[in-house]
Amino acid sequence: MIRDHIKHAVENAIAAAQACGDLPAFAAPAVTLAKPRPEMGDYAASVAMQLARVAKMAPPAIAQRIAKQLPPNAAYTAEVAAGYLNFRLTAAYLAGQVNEILQAGDQWGNTNLGNGQNAQVEHGSANPTGYATIGTARNVTVGDTLANTLEAAGYVVHREWYVNDAGSQVKKFGTSIYARYCQHLGKDEPMPGGGYMGDDVAQTAQLIADKVGDQYLQQPREQAILALGRLGIDSIMDSIRATLLRMNIRYDNFFSEKSLYTSGQSERALALLRAKNLLVEHDGALWFSEDGSPIRKGQGKKKTDAEYANQADADPDADNGAEGEADEAQTAIQAVVVRSAKVISDPDERATYFCSDIPYVWNKVHDRGFNPAVYVWGEDHQADVPRVHAAARALGLNDDAVKILIYRFITLMSGGQEVRMGKRKGNAIWIDDVLDETGPDALRYIMLSRSIDTKIVFDLDLLKEQNDKNPVFYVQYAHARICSIERKVEEQGQSQAPRSKNQESRTKNQDLRFEHVAELNLIRKLLELPEIVEMVATSLQPHHYITYAREIAQAFSAFYENCRILDAAPDVAAARLQLAKASRLTLAKVLRLMGITAPEKM
RNA sequence: GCCCCCGUAGCUCAAUGGAUAGAGCGUCGGCCUCCGAAGCCGCAGGUCGCAGUUCGAGUCUGCGCGGGGGCACCA
């Protein structure tokens, strides 16, 4: 990447300036390059300003002395401007890069950031108690895009869905399935309190009844509930898989939570914590205490606002028994229950989420060696983030390998009101229904179009209208337009005298020339692709692609408006055609990273 | 009470601590005898407040104000 090349050149120049006494000795900071305004150049180093204090010199003077040590380079020119060190890529370099892009083909934009390291993106992982909802759509789109990105950035990527299929969960869901199953077969059976009221569960029960008949009516109730619960989960997972396939999303593995217990991984991980005295018994339950300290009364228990107010009034210092504890509290997590008293007395009961999180993080980071192990979680799990990190540290794992992303929920607007979804309440919106309306491309684009820290408002009444002007079409249109031009050129070439193979390859290898500013700006924009891939791979913020994709389309439009291809002089036309192809490749790549199709016609 | 996220143009959102804060939608005005007008060009319009750190703050820190989420032996 030319950016890294320039960066190293600057670092070397600083060292050289120090060596020859132009700059005093100091520990040089890491050089970073920014994208300045176009008039200023293509890259800008502000290192001279950062060094002003340690070097005890004015920034422009420092910049001058660094610039003096830069070896001449055909790819760029350097210039000092008010303390900045600006770099401008030369026209010859830019022109040469068009062929580089074309030669890289599908690989264009890939980098070696990951160096073959194993990475995992665990995403989706919604409870298998209903069809995939629009909330899951954000999760999987972000996760899948990040997985694509890490792959492009040189990681070996594993895509996983974590199936919450352990303990009482199955039972509760199974009871709902059982009731619907009975009802469908004409037997009276009330839905359980707090059961899953949605159509999806009823449909799933029908599906099962149609497949297996009424055999479970004869079985003892408890037994039937367990069996139907498992069949229900299988059926729901099939449906989720089918839905995600429509969104162009596939997984390498569906990881069963239950397997953590049947395989003994849970016991093994807990034994590690026990050996370090980090598991504490209190009130009949088993707690994880990061520093091994005893559990204090009231810890881990949610209090009402009234209780907080009361406590503050009655005894303002109650929680500050020891001085210095306040500092500790900022870094240490609250103690967390690993196994409830209920679970300990009844092994059939479901463990807490956190109980599974411990062996799961061990399995990911230690057993399978993922680095990073990316988790994509909804904001309802934010409190679990420090816990999993604490568990990882307690297990002696590399905490930095654990990357947990929290995205904000999607809220629905319906009739001018915001609605909070809930599967159990049966007011969820299924991905399949939205897909029928928008198609996968527009849906994925919407899901990626905002930073994960920003909520997405989905207006069901405006969905159709919003869809027609979805910006995804702007990007796809640019791609289709290039394809159209290429088809035209093809036709033209066929109607004229056919070119010999020699001529063809000479066109390909000769130096392309570009003079128009729109051409050069377009090439500049295309060359950002590997930088963007690395930015997404390191920030784990896929919405950067949205901005970039639009910028490419914009730069191409400017080129398209100003630089005609079909009726230009032969050598100009040939060069522009190559640039158009490079643009098409870049657009297609960005779209592919986002999991969006690049249509040849619209 | 404590923790996390957000507050940028009329609306929805961008902006690795860098120079003059950008798009889309909406408004208004232009552009098809010319490779696809799902396009292009132009006008108008903005960093919640107060301190601080920094050569430089929309971005970092503190305190306010406003909105969302969390602090379960639920999932």
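From a predicted model like this one, the values you see are computed outputs, not experimental measurements.
The residue among A:Pro36 and A:Gln382 whose nearest nucleotide of RNA chain B is located toward the 5' end is A:Pro36. The residue among A:Ala285 and A:Tyr84 whose nearest nucleotide of RNA chain B lies closer to the 5′ end is A:Tyr84.
Side chain A:Glu379 to base B:G70: no donor-acceptor pair is found below 3.5 Å.
Dashed line: the shortest gap from a side-chain N or O of A:His543 to OP1 or OP2 of B:A15 is under 4.0 Å. Dashed line: the shortest gap from a side-chain N or O of A:Ser557 to OP1 or OP2 of B:C40 is under 4.0 Å. Contact between the side-chain N/O atoms of A:His381 and the OP1/OP2 oxygens of B:G69 is not found at any separation under 4.0 Å.
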Write down the protein N/O and nucleotide N/O pairs, taken from nucleotides 21-25 of chain B, whose separation is under 3.5 Å; answer none if there are no such pairs.
residue : atom : partner  : partner atom : Å
B:A23   : O2'  : A:Arg550 : NE           : 2.6
B:A23   : O2'  : A:Arg550 : NH1          : 3.1
B:A23   : O2'  : A:Arg550 : NH2          : 3.3

N/O contacts under 3.5 Å, protein versus nucleotides 55-58 of chain B?
residue : atom : partner : partner atom : Å
B:C55   : OP1  : A:Arg53 : NE           : 3.4
B:C55   : OP1  : A:Arg53 : NH2          : 2.9
B:C55   : OP2  : A:Arg53 : NH2          : 3.1

Hey, what are the protein-to-nucleotides 6-11 of chain B N/O distances that come in under 3.5 Å?
none

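Not counting sequence neighbours, the partners of A:His389 by the side chain to side chain contact (heavy atoms under 4.5 Å, CB included) test are A:Val385, A:Arg393, A:Asp399, A:Val402, A:Ile404. Looking at residues two or more places apart in sequence or on another chain, you find a side chain to side chain contact (heavy atoms under 4.5 Å, CB included) between A:Val517 and A:Asn521. For A:Pro440, the side chain to side chain contact (heavy atoms under 4.5 Å, CB included) criterion is met by A:Leu435, not counting sequence neighbours. Take A:Arg584 and apply the salt bridge (Lys or Arg N to Asp or Glu O under 4.0 Å) test, not counting sequence neighbours, and it matches A:Glu486. The salt bridge (Lys or Arg N to Asp or Glu O under 4.0 Å) search around A:Arg524 returns A:Asp42, not counting sequence neighbours. Partners of A:Lys7 under the salt bridge (Lys or Arg N to Asp or Glu O under 4.0 Å) rule, at least two apart in sequence or in another chain, do not exist in this structure.
A side-chain donor from one of A:Tyr261 and A:Ser356 sits under 3.5 Å from a side-chain acceptor of the other.
Of the charged side-chain nitrogens involved, none lies within less than 4.0 Å of a carboxylate oxygen, so that A:Glu491 and A:Lys488 do not count as a salt-bridged pair.
Residue pairs meeting the ring pair (Phe, Tyr, Trp, His ring centres under 6.0 Å) criterion with at least one member in residues 550-583 of chain A, sequence neighbours excluded, are A:Phe556-A:Phe559.
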Protein proximity profile, nucleotides 33-38 of chain B - base contact B, sugar-phosphate-only contact S, no contact -, cut-off 4.0 Å on heavy atoms: -SBBSB
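In this entry the base of B:C5 is anti relative to its sugar, with a glycosidic angle more than 90° from 0.
At least one test fails for A:Lys455 against the ring of A:Phe409: distance under 6.0 Å to the centre or angle within 45° of the axis.
The nearest pair of heavy atoms linking A:Ala537 to A:Leu113 is CB-CD2, 4.0 Å.
Helical stems of RNA chain B (runs of at least 3 Watson-Crick or G-U pairs, donor-acceptor distances under 3.5 Å) are listed by first residue: B:1-7 with B:65-71, B:10-13 with B:22-25, B:28-31 with B:39-42, B:48-52 with B:60-64.
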